[in-house]
Amino acid sequence: MKVYNTLSAQKEEFSPQGDEVKMYVCGVTPYDNCHIGHAMSYIVFDVIRRYLQFRGYKVKYVQNITDIDDKIIDRANQLGITTSELAERYTSSYFADMDALNIGRVDVYPRATVEIPKIIEVIQGLIDKEYAYPAQGSAYFRVRSVPDYGKLAHRSLESMMARARIEAGAEKEHPMDFALWKASKPGEPSWASPWGQGRPGWHIECSAMSLKYLGDTLDIHGGGQDLIFPHHENEIAQSESFTGSKPFVKYWLHNGLVQLGEDKMSKSLGNLITIKEALGKYSTDAIRIFVLSSHYRSPITYSEEGLEAAENARERLVRVISRDDPTGGAGKALDVEPYRKQFIEAMDDDFNTPQALGALFDLARAINEAADSGLSILKAQNVLPELARNVLGLKPPIQTIEVKPVATETSVGSPTLILSANPTPELEERVNRLVEERSRCRQAKQWQRADEIRARLAELGIVLEDVPQGTKKIWRRTPSVETLDNLLEELGIALEDTPQGTVWKRKR
RNA sequence: GGCGACGUAGCCAAGUGGAUAAGGCGGGGGUCUGCAAAACCCCUAUUCACCGGUUCGAAUCCGGUCGUCGCCUCCA
């Protein structure tokens with residue numbers, strides 16, 4: 001298994017320190033809703049974690065929540081609430097988004113505000129070793145104390161200086177020195193420290209938390225490419241200086257950034273699509289397929305067309321999984337090993353998910369082909385979702401088949417496939433009524449009326465397909481009870497109260 | 001200005017030295033169907049931004065040109 005390491009700028013054989021892979025991915029600063037860029041990063045690392053587990057590794061996965069920083073303070077002031085209220089609100093929002101995207105919870109979510117003692121310990125350690133210095137209530141990291149500063153970003157201190165903004169603070173020894181501890185202004189949330197009241201700087205929390213929960217050396221540290229400099233560069237400087245042991249991280253993994261149109265999607269540019277907005281339009285699986293269709297290190301451009309294509313691709317996989325086995329599972333079976341092997345080879349090569357998806361689609365075609373020619377597909381159908389669910393984290397819906405004990409003239413006992421909808425009993429009753437009416441028309445060869453019912457239901461998001469078992473209902477969207485009632489009314493079918501209860505009646 | 005990435009079919013996207021350039025979406029034709037849908041089959045890049053070079057052989061390596069993007073400042 002090979003992974004691309006940002007530090008060495010090449011693919012390396014993956015060999016973690018022990019049985020348990022220690023993995024840390026930079027989490028959120030909860031001051032606003034998460035956007036698709038966050039979704040990409042966390043989907044990517046979710047898949048990496050899943051694949052490591054699939055390959056038999058134990059994984060300890062830690063992700064920080066930086067619940068105190070300048071942006072949180074500003075935003076809380078704007079909204080007139082406390083920083084902890086704000087952080088709490090958007091941390092919940094973040095968890096809701098992760099759950100909705102089927103991103104598994106990590107093992108530990110340390111929060112900056114509850115890790116202050118560890119943060120202070122690390123800063124004090126750095127000051128003791130003269131890698132850092134206090135100044136006017138703040139504390140700064142002395143970048144010139146680290147000879148290899150810039151090794152992750154592949155840049156020298158001099159080249160950074162060329163265009164670096166020279167910050168005002170004259171209290172810094174060197175313009176590139178960065179804050180470990182920031183003295184607080186009056187009214188700001190603060191914690192006591194040896195250097196005075198203040199709060200942690202941006203980078204130190206990640207060092208403190210990763211050291212505390214995962215030890216001196218991590219196997220994998222991940223994040224977006226925009227974090228390489230300065231965030232991860234500074235983490236290396238702090239952590240290696242503090243522990244005295246190198247490397248801080250064996251494999252640095254960075255995902256490409258989501259673009260929207262011409263530019264990177266980012267909060268400062270204001271051109272972002274939130275996860276909640278995307279989920280309002282597209283299914284979780286479509287979003288995941290969209291992200292995984294490109295290699296994780298490449299940038300992707302968010303587009304409606306792309307998401308729609310992913311939605312259609314997803315439907316293809318769902319349909320394959322929900323197909324019936326023509327042999328009832330007893331016949332000669334399709335050999336799935338070549339596809340499984342293809343999938344694993346792709347994932348072993350720096351998590352090549354586009355190629356792995358290709359293997360899955362090849363398998364999908366093979367399954368359809370096999371089923372069409374009477375081979376058993378049951379085993380193959382188990383392998384496909386095993387890979388799609390366990391590794392790629394897709395959640396294909398399950399087909400339900402209503403079985404009626406007595407065959408009736410109508411087709412109520414027909415298969416249903418729920419793609420994205422919430423069919424309530426009220427809705428199902430009405431749809432079944434329409435399907436029955438259509439079946440009656442078909443038997444009477446009233447094709448025009450039968451086709452109209454199918455067309456009208458399709459407009460409402462329910463697709464009807466005539467299959468050997470009857471009429472298959474595919475729920476793409478959830479219509480309202482009212483629209484269905486209107487349709488029934490139009491077709492001359494209505495609810496009527498009778499002494500026996502409320503029943504459906506065809507009106508003449 | 002410095003560092004880095006990328007430019008493959010209508011769109012998205014793998015492939016990074018060798019035998020027919022994955023896969024998805026879209027489009028066209030066919031089989032099936034009352035008609036559809038789904039599924040399957042066939043077609044949809046003689047060619048990988050452009051120009052030169054290395055090589056028996058290059059989309060893949062080297063040099064140059066053009067174009068796009070990211071980082072260097074808060075950011076996943």
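Naming: A, B, ... by sequence-line order, numbering from 1 per chain. Nothing here was measured: the structure is a model prediction, and the numbers come from that model.
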Looking for any heavy atom pair under 4.0 Å, which part of the strands does [X] touch: base, sugar-phosphate only, or nothing?
| X | answer |
| --- | --- |
| A:Ile289 | nothing |
| A:Ser373 | nothing |
| A:Gly306 | nothing |
| A:Arg319 | sugar-phosphate |
| A:Arg449 | nothing |

Once hydrogens and angles are ignored, does a donor-acceptor distance under 3.5 Å link the base of [N] to the side chain of [X]?
| X | N | result |
| --- | --- | --- |
| A:Arg454 | B:A36 | yes |
| A:Asn312 | B:G26 | no |
| A:Asp69 | B:C74 | no |
| A:Arg442 | B:G34 | yes |

Value in whole Å for how far the P atom of B:A5 lies from NE2 of A:His254: 15 Å
Whole-Å gap separating C1' (B:G15) and CZ (A:Phe351): 19 Å
Pairing nucleotide - B:C40, Watson-Crick or G-U, each distance under 3.5 Å: B:G30
Phosphate contact (B:A39 OP1 or OP2) by A:Arg316 side-chain N/O below 4.0 Å: yes
